[in-house]
*Asks:* 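I have a structure I would like to understand better, so I am pasting it below and will then ask my questions one at a time.
Index from 1, following the sequence. Whatever order the structure lists ligands and atoms in, that order sets their numbers, starting from 1. Note that the structure is a prediction, hence the values are computed from the model and not measured.
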Amino acid sequence: MMNESLLTYISACPTAYQAVEHTAEILEAAGYQHLREGCLSSLAAGRGYYVTRNGSSLIAFRTPSSTDFRGFMITAAHDDSPCFKIKENAELCDGRTLRLAVEKYGGMLCATWMDRPLAVAGRVTVRTSGGISVRPVVLSDTTGIIPSVAIHMNRNANDGASYNPAVDMLPLMGEASDAGLLRRRLAEALNVAEADILTTDLFLYNPQPGMEWSGYISAPRLDDLQCAYASLSAFLTAGEASAIPDTVPVFCLFDNEEVGSQTKQGAASTFLFDTLTGICEAVGLSHAGMIGKLSSSFMVSCDNAHAVHPNHPEYRDPNHAVYMNGGVVIKYNANQRYTSDAVSAGLFALICERAGVPIQYYANRADMMGGSTLGNIANTQVSLNTVDIGLPQLAMHSSFETAGAKDTAYLVNALTTFFSTELLDCGEGEYRLTEPRTVRGED
Ligand code: ZN
């Protein structure tokens, strides 16, 4: 049931723009109110709100009942995935065929994008009488296929292929006579005149629906929509509890993690800092008062982790192997690509213990660099105890990834307990976690 909802969520979120649109719909249905950034002065106590930035990042929160609240309990996940961005002059015509001009967005496994139907989603700007209107758009019918070169012409194709994105990864979209097809389809989908479409942020995505099978789930964009969905579910479930702790729960969805987060809406931006400041000012708390709250605050940076590959167990660190359906992964890296340290991992391990959720510890082999994620980057803007966690998966950055069917529920349960807990920094290296309150839906 939970994975079914996850797979529906993934299908509704082909790009970060649709992820924000769809997440906002879910929040609205649960009674959360949309506010524009910079307009947080009118917050009512004990209510739920959300703000968005660039239409591709979103932060939801519930307001405290007074300035005496303990701190912020924050989750962060990302809503972008590696894919191909369609260039502004999109069509390439060679007299016979029409192809799309694309470039890589993030670091994908190129082979997994070939020989499968691809669709288009993103946003466009449309001319209005006095300016522009930003319009999310999805063209869910097949828009292109990136064809492989036949084995007969490339006998080395199975021996460590390399892919030049400017040559090998251009999708076939139609015949030469189809010139103008993309803009025609966009105009039709948006019900506007073609001439009024000004500019685009469009991406290719894999429209194949996800599936659950034999203890696993496979779907596009599990990194990181599995964590986005699980943290959203936990945030909403904890908010329904009859006794809610006096903290400020904050759910963050950041764009641009796959390209380094250094954008106005990414985890490196001021978005989280500005939102927390707005909440504090609304309840009459000064900047110094807000800084005081951060010591009793906590962030869980949620981004999927590498499960041991059954065909390639040699890539694991022998003592830090993590497995699908083995529970939530706490990620460590000495060079602080992951923020987890003894304090943050210890506190989160306790929360998982209270939730009855198994945990696994991950570190890269010491001779492999591995990836990075949101936690350390977000901490440069808002500094607080942060743990990097994720769910174990295979084929990260493939166009169709695989994870454990049990793990989604593990993360929902762990984060529901997290959002129902108060953290207290007692000083002198002492921290206390309040017992979680009764949450609806649990025993
Ligand atoms: Zn990720």
*Asks:* For the pair Y216 and W213, name the ring-plane relationship: parallel under 30°, tilted 30 to 60°, perpendicular over 60°.
*Replies:* tilted

*Asks:* Can you name the N, O or S atom of D303 that is closest to the Zn ion (ligand 1)?
*Replies:* OD1

*Asks:* Once you measure the plane-to-plane angle for W113 and F84, does it fall in the parallel (<30°), tilted (30-60°) or perpendicular (>60°) bin?
*Replies:* perpendicular

*Asks:* Have a look at D223 and say which of its N, O or S atoms is nearest the Zn ion (ligand 1).
*Replies:* OD1

*Asks:* Could you check whether R62 makes a cation-pi contact with F235, meaning its NZ or CZ is under 6.0 Å from the centre of the six-membered ring and within 45° of the ring axis?
*Replies:* yes

*Asks:* Would you please classify the geometry between the Y332 ring and the Y361 ring as parallel, tilted or perpendicular, with 30° and 60° separating the classes?
*Replies:* tilted

*Asks:* Flag C227 as yes if one of its N/O/S atoms falls below 2.8 Å of the Zn ion (ligand 1), otherwise no.
*Replies:* no

